[in-house]
Amino acid sequence: MKPSRFEYVLPRSIEEAVAARVEHADTVVLSGGQSLVPTLNFRLSNPEAVIDLRLVPGLDDVRVEGEWIHVGGRTRQRDLELDDAVHAANPLIRETLHHVAHPVIRNRGTVGGSIAHADPSAELPCLLLCLDGEVVAHGPSGARTIDAQDLFEFILSTTLEPDEILTEVRFPVLPERTGWCFTEFARRHGDFALAGVAATLTLADDGTIAWGQLAACGVTTTPVRLVAVEDALLDDAADPSRFREIAALAADVVTVPDDESCSSAYRRDLLVGLVERALRTSWQRATERATARTSREVTS
Ligand SMILES: Cc1cc2nc3c(=O)[nH]c(=O)nc-3n(C[C@H](O)[C@H](O)[C@H](O)COP(=O)(O)OP(=O)(O)OC[C@H]3O[C@@H](n4cnc5c(N)ncnc54)[C@H](O)[C@@H]3O)c2cc1C
């Protein structure tokens, strides 16, 4: 099918892009087009205007600065995945991007596009939520920062206003003594996952677990933090021998009903298994990092 008629707007600055958002009653933003173009072609979306961001300068800048990794909203997913400075600052980002669709899609799909699209099964919103990341949105009254925990509202719905444009995504640098893992299960590699989990685990100086951060995708109407699991990890007695029991606390977040892919009960079991795997991998990596750091300190 072909899309219904729309006005095509090609702004050359973020101010022009926002002005176009304000001028037209119903607009969409064209970033990588990997989700938008099919919805236009199937006429699931019939906007008055399509605002193409490709000539807006600065939207694909990536830089690691202090404790934050700044990623321009229109940065291609593949460029972020291949960025070695980003990988050194936070290896969970590359591991997560590896699960997003196929390289061909990631060549065009953008980081901001995926987050603004807010598919509950998508990996990048889940990553952002797990890491306590944030986004910057530009609107008619300027820029504002939105924490990941305040961003995702419902299926394909965020707290971005209709006249705002997401211009930057910020991920924190991974702290010392911290391990990481992104794991998911999809019927075929590159398909949207039935469930996925992003995790980090930080060790105290004595090697015990200090805290963990976990989020899941594909299990409810938004990406979701696994708060019960995180709370259990704060217990003094939390150690790898209890990971299976702790992972079981994730099951209650699943609200997706039985569908053509699997039953809700299967998805709950799957999530618990993925959380246990994510905890074990994160713990092992955190231990290796802490050991490598200690030997560096001893030899210097
Ligand atoms: C075959 C296939 C398989 C896929 N598999 C996966 C997968 O496994 N996991 C996954 O996460 N994704 C998957 N995707 C989606 C892909 O990652 C898309 O790239 C992503 O969802 C949207 O990014 P985009 O840059 O293409 O955004 P677009 O398609 O350009 O835009 C998507 C939506 O976000 C809005 N938007 C875009 N940018 C902005 C902005 N800066 N400010 C405000 N609103 C904005 C648009 O208005 C639109 O509504 C798949 C896509 C395809 C075609």
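Both ligands and their constituent atoms are indexed starting at 1 by order of listing.
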Exercise. Can you check whether Gly109 has an N/O within less than 3.5 Å of an N/O in ligand 1?
Worked result: no
Exercise. Thr183 and side chain to side chain donor-acceptor pair (under 3.5 Å): which partner among Arg277, Glu95, Glu276, His99?
Worked result: Arg277
Problem set entry | Any Thr167 heavy atom less than 4.0 Å from ligand 1 | no
Problem set entry | ligand 1 contact by Asp119, heavy-atom criterion under 4.0 angstrom | no
For this session: Please determine if Gly33 has a nitrogen or oxygen closer than 3.5 Å to a nitrogen or oxygen of ligand 1.
Result: yes
Exercise. Considering only heavy atoms from C-beta outward, does the side chain of Arg78 approach that of Leu97 to under 4.5 Å?
Worked result: no
For this session: Identify whether the distance between the nearest side-chain nitrogen and carboxylate oxygen of Asp191 and Arg188 falls below 4.0 Å.
Result: yes
For this session: Please state which part of Arg21 comes within less than 4.0 Å of ligand 1, counting heavy atoms only: side chain, backbone, both or neither.
Result: side chain
Exercise. Does any donor atom in the side chain of Ser45 or Thr39 lie under 3.5 Å from an acceptor atom in the other side chain?
Worked result: no
For this session: Tell me which part of Ile105 gets within contact of ligand 1: side chain, backbone, both or neither, using heavy atoms under 4.0 Å.
Result: side chain
Exercise. Any N/O of Glu164 closer than 3.5 Å to an N/O of ligand 1?
Worked result: no
Problem set entry | Residue-ligand contact Gly190/ligand 1, heavy atom below 4.0 Å | yes
Exercise. Does Arg94 pair with Asp84 as a salt bridge, N-O distance under 4.0 Å?
Worked result: yes
For this session: Apply side-chain hydrogen bond (donor to acceptor under 3.5 Å, both in side chains) to Thr110 and Arg76, showing your working.
Result: CA-CA 4 Å; Thr110 66; Arg76 304 284 185 198; over 6 Å; no
Problem set entry | Short N or O distance, Leu124 and ligand 1, threshold 3.5 Å exclusive | no
Exercise. Any N/O of Leu166 closer than 3.5 Å to an N/O of ligand 1?
Worked result: yes
Problem set entry | Heavy-atom nearest neighbour of atom 24 (P) of ligand 1 within options Pro162, Gly32, Ala137 | Gly32
Exercise. Any luck finding a side-chain donor-acceptor pair between His70 and Glu168 under 3.5 Å?
Worked result: yes
Problem set entry | Location of contacts on Arg74 toward ligand 1, heavy atoms closer than 4.0 Å | neither
Problem set entry | Under 3.5 Å: N/O of Arg108 near N/O of ligand 1 | no
Exercise. Would you say Val50 and Thr27 make side-chain contact, with heavy atoms under 4.5 Å?
Worked result: no
Seminar exercise, completed: Shortest non-hydrogen pair, Gly112 vs Val169, comes out as CA-CG2, 4.2 Å
Exercise. Below 3.5 angstrom, do we get any N/O pair linking Ala122 and ligand 1?
Worked result: no
Exercise. Taking all atoms of both residues into account, what is the closest heavy-atom pair of Asp258 and Ser264, and its distance?
Worked result: OD1-N, 2.7 Å
Problem set entry | Leu53 and ligand 1 - part of the residue with a heavy-atom distance under 4.0 Å | side chain
For this session: Take every heavy atom of Gly73, measure it against each atom of ligand 1, and state whether any distance is under 4.0 Å.
Result: no
